[in-house]
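This one's a predicted model, so the numbers in the text were calculated from it and none came from an experiment.
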Amino acid sequence: MAIEDDVLVVGGGLAGITAAIAGAREGATVRLVSATKSTLRQASGLIDVLGYLPDGTGPVVDPFDAVADLPEGHPYERAGPDALADGLALFDDLAGDHYRGSHTDRNALVPTTGGTVKPTARYPATVEPGLASREEATLLVGFEGTTDFEPSLAATHLDAAGVPFEVRAATVSFPDVTAEDATATRFAHLLDEDPGVRDRLAERVKPHLAGESRVGFPAVLGQEGPESVRTSLAEALGASVFEIPTGPPSVPGLRLENLLHDALADEGVRVEQGNPVVDFDATEDRVETVTVDRVGNRVPYAADQYVLATGGLVGGGVEADREQVSEPVFDCHVPHPADRYEWFEDDAFGEHAFARFGVDVDAQLRPLAADGTTEYENLRAAGAVLGGADFAAEKSGSGVSLATGFAAGRRAATELIHTELRQ
Amino acid sequence: MASSTSVVVIGGGSTGTGIARDLTMRGLDVTLVERGTLTDGTTGRMHGLLHSGGRYAVSDQKSARECIEENRVLRDIASHCVEETGGLFAKLPDDGEDYFEEKLQGCRDCDIPAEVLSGDEARKLEPFLSEDVEKAIYVPDGAVDPFRLCVANAADAQERGARIETHAEVTDLLVEDDEVVGVEVRHESGPGTHTHGTSGTTEELRADYVVNAAGAWTGEIGAMAGLDVEVRPSKGVMTIMNVRQVDTVVNRCRPKGDADIVVPHETTAILGTTDEEVSDPDDYPEEQWEVDLVIDELAKLLPILREARTIRSFWGVRPLYEPPDVASEDPTDITRDFFLLDHAERDGLDGLTTIVGGKFTTYRMMAETVADHVCEKFGVRASCATADVPLPGSDDFDVLRDYMDEFGLRSPIGRRSVQRLGSRADEVLTTDEPNPVVCECEAVTRAELRDAIDDSGSDLNAVRLRTRASMGNCQGGFCCHRMANELAPDYDEPVAREALDDLYQERWKGQRHALWGQQLSQAMLNHALHATTMNRDGDPARTGEAVAFDAFDGGSPDGD
Amino acid sequence: MSDATDDFETIDVFDEEPLGDDFDPVDVFDGEDMDLRPGADSCYKCSTCDSSCPVAEVDEDFPGPKFQGPEQWRLKRKDDVEVDSSVMKCSNCMRCDGACPADVPLSQMHNTARAEYVEENLPPFSREYLRNRILANYGRLAKLGSAFPRLTNALMGSSAVQWLNEKLLGITSEREFPAFAEQTFRSWWDERGGANVQSEDRRIAYFHGDYANHNTPEVAKSLVRVFEHYGYEVAVPEQRCSGTPMFANGMLDDARRAAKFNVETFRELVADGYDVVCSCTSCSMALRQEYPELFSFDGTATVAASTYEALEYLRIHEDVADDLAEADAEYPDLAYHAPCHARNQGLDTQAIELLDGVDGVDVEDVGDSCSGISGTYGWKAENYDTAMQIGAEMFEHMEAVEGDTGLTECPTCAMQMEHGTGYEVQHPLQVVEAALCE
């Protein structure tokens, strides 16, 4: 007997979660199934909307303005004119005071661990004091024995990037940790649990302060209670304290994931994580059921409407072998050059075709077959599984997930209501 | 022994560094110039096979005998660069029985120990071998790391007084009165270890003798003095698998042909190869069919290869040479033997000898031949000692240590470090400072990287070759920037940035040929990390465009 | 140390009678080590496994699953035998398996590496080996305990014995040994005369495991009653430990013997139309995932593909969701903890989803943290503090919700919940029985 719901969302990243909550808020019963943990904790935890135009122009000051001019086929264009604002409004509602940036349409520039600055639309409250547009002298602090962040290079690099403030650097040993391969979650946990560690860290940083009004640390300042960690450090240092987002494993990404999972529970979305959708049954027009593989057992799930939000090449929503590129769950068409050697450019940061791989959709976000017809009338796609944009180069990944997730989830739920009304 | 005889050796590959070591050991004053990093040419672009001679046992028994002789020497003098893997010549049903017998007989004729295994015995040794393998010949093939071997030769020469200049391209041969009297080089960043962003200089290096050991580029060097060196460069692809599917070299037992060898190399396995003559060793097509061919063909021997992850492919250019009167049509027919061209004798131009052809396994023997030749010219009587004196790192050492107690390292990391460093391990790894792992794929620690940086300057590609950092499955996605971070505080930010860009681009170059399946996912994650999280592509310091910081959001009014 | 060895040598707890002399390990495993290096092909280093690891978060000496799994395997050459000692700090919660976005066989890599480590580095007469082997073979000990439950309970509860356990064996004295039931489930089953319902097409073979048999027979009885309520014929075949504690302790030979016996038993039943049903989520995990990853006896895959957790099975085959939504029961408010192994099978939300709808039953989730005990892990004196630090989050959440009764599918999570909060802990099947069976 199939497990039944109104809307089934396949995929548990930012797009899937947004779709599920948007659907639930329309009154649908929604279930979200995802094969694994999402890629949220691989990302910085920033909510990028649009930092650079497809031709590389940027950094963009007002992403909302710029989004309106994107070419046809871009996921933002497909999602419709209000989707981004709606998706961000939903995010702002869920994130509450943990995230900032909703007071303006302008992008903020956030210092990175490499010493560059990056345009983003929403940022954790822990990142806010470090914004590069603030003209405040800054001390960057790194930890001995960590390798991802070298504060002296980051500081001089920020200077080379032309930031309007003085930057200095210091390296200290992290209190109470001797193992050089301790995980980021270990640092965060210690700061969460042990006020003594915060005190000792502040003591070690203090001698390096030379009047700077803000101090930046790699983003490991607590997993559960970053505000409390930050407040303790700020009080002890007499300066504001901020986080510099890191690559994976990203503690801000982990916090965002936890925040969104709490929201899913609050919104009544049923979540099943850990097992992949491996098969489906469909008529010519509609997906009828999908099959989830639970450690070798095949379990059927049924819904009236489906949302595909399985991610891109990293999340597993798009796959390739030597011959072709495919979408593994519903076998939707993924446009791509037939010649594998046209999937990339020779420059490492070139305009790679592979970075744009994903399904094409209509204005209802329904995946399109090779002949341009919709694959299934009750299947929509959202997030990185959509093609047509290099999210990494544009810095648009989170915004696209929010906009298309919101639009797909809400349309799925309203479609359902219409179907029910007709019956 | 004092000697003022000065020799310039052109080419920092195995032959050039081997010659530099040999001549220096005999008391000559040697300067080696290399246009890129050591091994940048063909040496760094081979499959890492230490030949037993088995591959030549039918077609070229002279080479086969040289190979087994040098194979034994290298196990001894370069033990930290050599892994004694053993090798198989595996027979599939399509491969001729007669050839199998000829191969076996050929090995025996050349004193190459050879033993016949049944298909099941071969599969017990290598469980991923195809069920179709009927039988195999086991020979003492080995695996060798050409980078570290070459670096060890150069380091030893340097230790003994040679001058080693990398990033020093020969721009002219100095010829006076029908005699080569030196070379003109262009130092990319001045003499000494490489530093990005330092302006270049030109230097005239005058010498009593010049050795052209530029491999596939010997023709171009010769042309600078109007000489015609008929080197026939031939390209071949090598495809690198993410893991070792085999711990033994596996050859297909058939006459010459493409795609017939898998070599376990450090943490990977290398598939090879193709053989196509090219006109320009610096500019030739790297083609998809070559990659597909080695995978599909070798999957017949090892079916797991069909779906296994490849992390990159690279091409090497063999410096093949044959006397002009032979005129082989097919490059696979050209001999793998080496030739010493004494231009005084051949062209009436004194002061220059060119060494061409040959193969990596016999580099030391080639170097000895050249060194003998040079010494004879100058009446130097010292004899060759390179077959007896271990290279730095290959003095007696024990891989099995208590890594946690001795170096504070977890055992697989300690073991890999010691396998790479050999007898230099204590010197390099003993430190009171924190010693984190910088490259997780290859288990390379900060101490090992810092040692390599001391040796090769800001050139992170040279650091990579010494340590294998960034050569694992993420292809530098997670460690290129960490490696650049290790350049501080010795080097400034612009140097570190340029070094990072160079390394990242170099890693991308090879990965382009592996962009499907897991490596495409890896490439996308790397792209996301470097472009999205670090915004290296939009970096204002890189684009040079001023950013109007005050136009951007400076934080919420009620924020902190 | 050697004293302890001698004492325990006399109790032959490891010699397993069902297999007797005719067991030949060479038949089944060929003595070859498994080469899991190709499993590293899937890893793209994202570290999601590390950030999901409950041990790495509280113990910096544990470098996390990425190093233990794909990195360590990838660095191996054929003759390299060393496995880093930190593999013994892995608690085998298997969260990394569920976290990995790229299908790296992490727990399989850990299980195999741990077995290699134990073989190379733990001398069979060392205290650690002996202790681990005793803990791994809990069922053997339990058999003795159940023979004289009152005496054993009194003995194990005595502080003198607990002190001795810690000093001699390194089993923490902080925990109280679980009490043995007065009557085992199997004895109840036999006394009852076996199945009360016969059916040709609805048949399940119950894998109860050691714990439900010796310590919590009420859970096993609930399962029987619930399935009989739905008209299933229940079989309770001879069986041995699922192997979970053996994998976790690197005792792969013991696990292989147990698994072989279980597969041989249950494959016959599967052939007769039975599906295999477990009440313990670690048992279902072992049969479904670890057996096929580690062994290849005839029928391993068949048994794996026919194994289900009890509620999961009912949900697929019966309209249990609606039946429960219409049912009522008088029950104290419950604080539910999803065991890591349930999470790994995607079963972490089903208990709440199904039971919260029952009129009179109020269940709240206590979050997605690990309980920390991970089977035998938290019983070891050296891990006790780590286990309690991992569990701290769960304890806090348990205190924060309404219910003062715990609920979980896993017997060792239940021990930890009870240990940390003093709550009595129930199994979801007991609630289902209360709701559906008269």
For the interface with chain A, which of [options] has the highest count of heavy-atom pairs at distances below 4.5 Å?
options: Asp368(C), Asp319(C), Asp348(C); result: Asp319(C)
options: Asn344(C), Val58(C), Asp61(C); result: Val58(C)
options: Cys100(C), Ala301(C), Ala392(C); result: Cys100(C)
options: Asp103(C), Asp59(C), Asp97(C); result: Asp59(C)

Backbone N/O of Pro63(C) and side chain of Asp181(A): donor-acceptor pair under 3.5 Å: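 Not a single qualifying donor-acceptor pair exists.
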Main-chain N/O of Val271(A) paired to Thr349(C) side chain as donor or acceptor, under 3.5 Å: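 A pair under 3.5 Å: yes.
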Reported [atom1]-to-[atom2] distance for the pair [X] and [Y], which is rounded to 0.5 angstrom:
X: Glu393(C); Y: His189(A); atom1: CD; atom2: NE2; answer: 8.5 Å
X: Glu60(C); Y: Thr185(A); atom1: CD; atom2: OG1; answer: 11.5 Å
X: Phe67(C); Y: Thr183(A); atom1: CZ; atom2: OG1; answer: 14.0 Å

Given heavy-atom pairs under 4.5 angstrom as the criterion, report whether the side chain, backbone, both or neither of [X] touches chain C.
X: Glu180(A); answer: neither
X: Asp176(A); answer: backbone
X: Val33(A); answer: neither
X: Thr178(A); answer: both
X: Glu224(A); answer: side chain

Lys/Arg N to Asp/Glu carboxylate O, Arg31(A) vs Glu353(C), below 4.0 Å: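 Salt bridge between Arg31(A) and Glu353(C), a charged N being under 4.0 Å from a carboxylate O: yes.
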Ion pair Arg186(A)/Glu57(C), N-O distance below 4.0 Å: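 Glu57(C) and Arg186(A): not salt-bridged.
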Partner chain C: residue of Ala182(A), Ala184(A), Pro249(A) with the largest heavy-atom pair count (under 4.5 Å):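 Of Ala182(A), Ala184(A), Pro249(A), Pro249(A) has the most heavy-atom pairs under 4.5 Å with chain C.
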Top contributor to chain C interface from Asn275(A), Val177(A), Val292(A) [non-hydrogen pairs under 4.5 Å]: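 Most heavy-atom pairs within the cutoff with chain C belong to Asn275(A).
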Glu402(C) atom CD: more than 12 heavy-atom contacts under 6.0 Å: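 Atom CD in Glu402(C) is not crowded, with 12 or fewer foreign heavy atoms closer than 6.0 Å.
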Heavy atoms of other groups near His317(C) NE2, more than 12 under 6.0 Å: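 Correct, the count exceeds 12.
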Chain A contact via Ile352(C) - side chain, backbone, both or neither, heavy atoms under 4.5 Å: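 When you check distances to chain A, no heavy atom of Ile352(C) falls under 4.5 Å.
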Proximal component of Ala304(C), with respect to chain A [non-hydrogen, under 4.5 Å]: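 For Ala304(C), the backbone is the part near chain A, not the side chain.
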Distance-only side-chain donor-acceptor flag, Arg41(A) / Ser52(C), under 3.5 Å: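 The answer is yes; a qualifying pair exists.
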Candidate pair Arg294(A) and Arg288(C), rule side-chain contact (heavy atoms from CB on, under 4.5 Å), full reasoning: CA-CA 9 Å; Arg294(A) 275 208 202 132; Arg288(C) 286 167 132 176; 4.2 Å; yes
